[in-house]
> 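My questions will all concern the structure given below.
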Amino acid sequence: AEKFWEKAKQWYQRRVRGNTKMKLFSSPFILSFTLLLLLVLVVSVAHASPKPDVKGSPVPISEEEKEKIKNRMLNKLSKSFTGEFKDIDVESNIYPIEEKETQPNNYKGVAASINPSIYSYILDNSVTETELQVQLREETKKLPEPLPNMQIPPDEAQFLAFLTKLLNAKNYLEVGVFTGYSVLSVALSLPKDGKVTALDSKKEYTDIAEKFWEKAGVRDKIDLKIGQAKESLESLISEGKEGTYDLALIDADKSNYDVYYELVLKLVRPGGVIVIDNVLWYGSVVDKSNKTKGTKTLRKLNKKLKKDDRVIISTLTVSDGITLALKK
């Protein structure tokens, strides 16, 4: 403080005296008062700075403060989104979730963390579809809402085709076919002797799929089994198909995901990959008030997968969240 006062007096001597434009400071009393205010300001700023703990790291932010920061960020994020995400509930940090296990009408198959304009950029600069793939998507859009939302988005379908090539896959298993867009994408990427086993329970939807598989010239690669997925998977195991599939997709009713995972894990070979779709379930997995059977199953499975030493996993924010499980 003494050094500060000494420098202030020197500055006063040099700058203020004789300067007609600074007569305001010509009174020592006013100068002293001004300097006192500056000193108070410096001390206030110093006390306002975050205090380090004994180890020199910043004091941890309280959970309440974290929640406030998260809500502010989500609020800013939601304002930048278009109508696709206008229904974000900032208070609970989730999308409004219906009790039934179907996608909400405004769901477009885009991860919540991606701005729609960025997602459009990804589609424009990454995704390549055949004319038949486009036609199949358009055909599916004609189904009553919210059924069209059950179809995986084109970027996820292309990712499955990419994995098919990466693994040099010849045998692909899909649980939950719907109108067959993902099966078509993979079948087009398989070698000539590649085979698809497709499981679904609704022939009214797979009839649409078969029509496009036929047009694409891949129908002979696909073994479509209509029935309950659990029974169909158990039948494959009893037929001696254990350890024969290179790649599998689970995208069926969420309440039975763990059952399907255990059966599919037996059918996939070591080094094969299981893709588990909808692991984020529109954000419902982090909504503690959501106690639907499908949501609870997904939460348990997600925790189980992290600790499962039979596989190596990676969860990605593709579409509604996918987990890749590499069988050891």
Side-chain angles (χ1 to χ4, degrees), residues 103 109-111 114 122 126-127 133 149-190 194-200 209 221-222 225 229-230 232-233 236 241 243-282 285 294 297-306 308 310-328:
Q103 290 87 338
V110 187
I114 302 180
I122 292 171
S126 172
V127 174
Q133 285 175 297
N149 301 321
M150 291 170 61
Q151 185 177 69
I152 68 170
D155 54 321
E156 184 180 356
Q158 182 163 293
F159 182 63
L160 288 171
F162 178 85
L163 287 176
T164 303
K165 294 289 189 183
L166 187 67
L167 293 166
N168 291 316
K170 285 190 175 183
N171 292 300
Y172 172 68
L173 172 63
E174 182 164 307
V175 184
V177 175
F178 190 41
T179 57
Y181 181 73
S182 49
V183 166
L184 176 59
S185 300
V186 171
L188 289 169
S189 299
L190 286 170
K195 295 295 180 182
V196 174
T197 303
L199 313 181
D200 205 285
K221 291 183 179 181
I222 302 165
K225 296 180 181 295
K230 180 176 179 291
S232 295
L233 290 168
L236 290 172
K241 297 287 183 68
T244 62
Y245 289 95
D246 306 296
L247 178 64
L249 171 67
I250 299 174
D251 186 18
D253 55 302
K254 313 311 167 194
S255 57
N256 284 309
Y257 255 36
D258 189 40
V259 174
Y260 301 152
Y261 168 68
E262 288 297 333
L263 293 170
V264 171
L265 188 61
K266 292 180 180 179
L267 290 162
V268 169
R269 65 169 172 81
V273 172
I274 303 171
V275 180
I276 306 167
D277 199 17
N278 301 113
V279 295
L280 300 180
W281 206 221
Y282 327 118
V285 289
T297 300
L298 282 167
R299 287 191 193 116
K300 289 179 181 177
L301 179 60
N302 288 339
K303 289 181 179 180
K304 171 181 173 176
L305 287 168
K306 183 179 179 181
D308 194 341
R310 298 171 296 175
V311 294
I312 299 170
I313 70 161
S314 181
T315 298
L316 309 176
T317 55
V318 174
S319 186
D320 186 35
I322 61 173
T323 293
L324 307 181
L326 173 70
K327 184 175 179 179
K328 293 181 180 178

> Quick one: does D246's side chain get under 4.5 Å of Y172's, heavy atoms only?
no
> Counting only heavy atoms from other residues, nucleotides and ligands, does the tally under 6.0 Å from NZ of K303 exceed 12?
no
> Measure across K230 and L263 and return the closest heavy-atom pair with its distance rounded to 0.1 Å.
O-CD1, 3.9 Å
> Side chains of I276 and L305: does their closest heavy-atom pair fall under 4.5 Å?
yes
> Could you check whether any side-chain N or O of K327 sits under 3.5 Å from a backbone N or O of L265, counting only pairs where one atom can act as donor and the other as acceptor?
yes
> Determine the sole option in I274, L236, V275 for which the side chain to side chain contact (heavy atoms under 4.5 Å, CB included) test with V264 is passed.
I274
> Taking atom NZ of K170 as the centre, does the number of heavy atoms from other residues, nucleotides or ligands within less than 6.0 Å exceed 12?
no
> Quiz question: by atom type and distance under 3.5 Å, do the side chains of T197 and Y245 form a donor-acceptor pair?
yes
> If I compare all heavy atoms of R269 with all of L167, which pair ends up nearest, and what's the gap?
NH2-O, 3.8 Å
> How long is the gap from CG on N168 to CG on L163, to the nearest 0.5 Å?
12.0 Å
> With rounding to the nearest 0.5 angstrom, report the OG1 to NZ distance, T244 to K195.
13.5 Å
> So, the side chain of D320 versus the backbone of L280: is there a donor-acceptor pair under 3.5 Å, distance only?
no
> Evaluate side-chain contact (heavy atoms from CB on, under 4.5 Å) for V183 paired with L249, printing each intermediate quantity in order.
CA-CA 10 Å; V183 166; L249 171 67; over 6 Å; no
> Among L247, L184, N171, L190, find the residue that satisfies the side chain to side chain contact (heavy atoms under 4.5 Å, CB included) test when tested with V196.
L190
> For a quick test of reading the model, state the closest non-hydrogen atom pair linking S182 to I152 and the distance between them.
CB-CD1, 3.3 Å
> Using a 3.5 Å distance criterion without hydrogens, assess whether the side chain of D277 forms a donor-acceptor pair with backbone atoms of I322.
no
> If you apply the rule side-chain contact (heavy atoms from CB on, under 4.5 Å), what do you find for T323 with Y261, and how did you get there?
CA-CA 12 Å; T323 293; Y261 168 68; over 6 Å; no
> Step through the shown structure and confirm whether more than 12 heavy atoms of other residues, nucleotides or ligands are within 6.0 Å of NZ on K266.
no
> Please report the interatomic distance CZ(F178) to CG(N149), rounded to the nearest 0.5 Å.
9.0 Å
> Any side-chain to backbone donor/acceptor pair from N302 onto V279? Under 3.5 Å, distance only.
yes
> Using 0.5 Å steps for rounding, measure from the CG atom of L324 to the CD1 atom of I312.
12.0 Å
> Is there a donor-acceptor contact under 3.5 Å from the side chain of K225 to the main chain of S232?
no
> Just verifying a value: how many Å separate D308 CG and K328 NZ, rounded to the nearest 0.5 Å?
8.5 Å
> Do Q158 and Q133 touch side chain to side chain, with heavy atoms closer than 4.5 Å?
no
> Shortest non-hydrogen contact from T297 to S255?
OG1-O, 3.5 Å
> Fit a plane to each ring of Y260 and Y257, take the angle between them on a 0 to 90° scale, and name the class: parallel (under 30°), tilted (30 to 60°) or perpendicular (over 60°).
tilted
> For G176 and A252, which heavy atoms make the closest approach, and how far apart are they?
CA-CB, 4.2 Å
> Can you see which heavy atom on S189 is nearest to which on A161, and at what distance?
OG-CB, 3.1 Å
> Hey, what do you get for CG (L301) to NZ (K254), rounding to the nearest 0.5 Å?
11.0 Å
> Using 4.0 Å as the upper bound for N to carboxylate O, is an ion pair formed by K300 and D258?
no
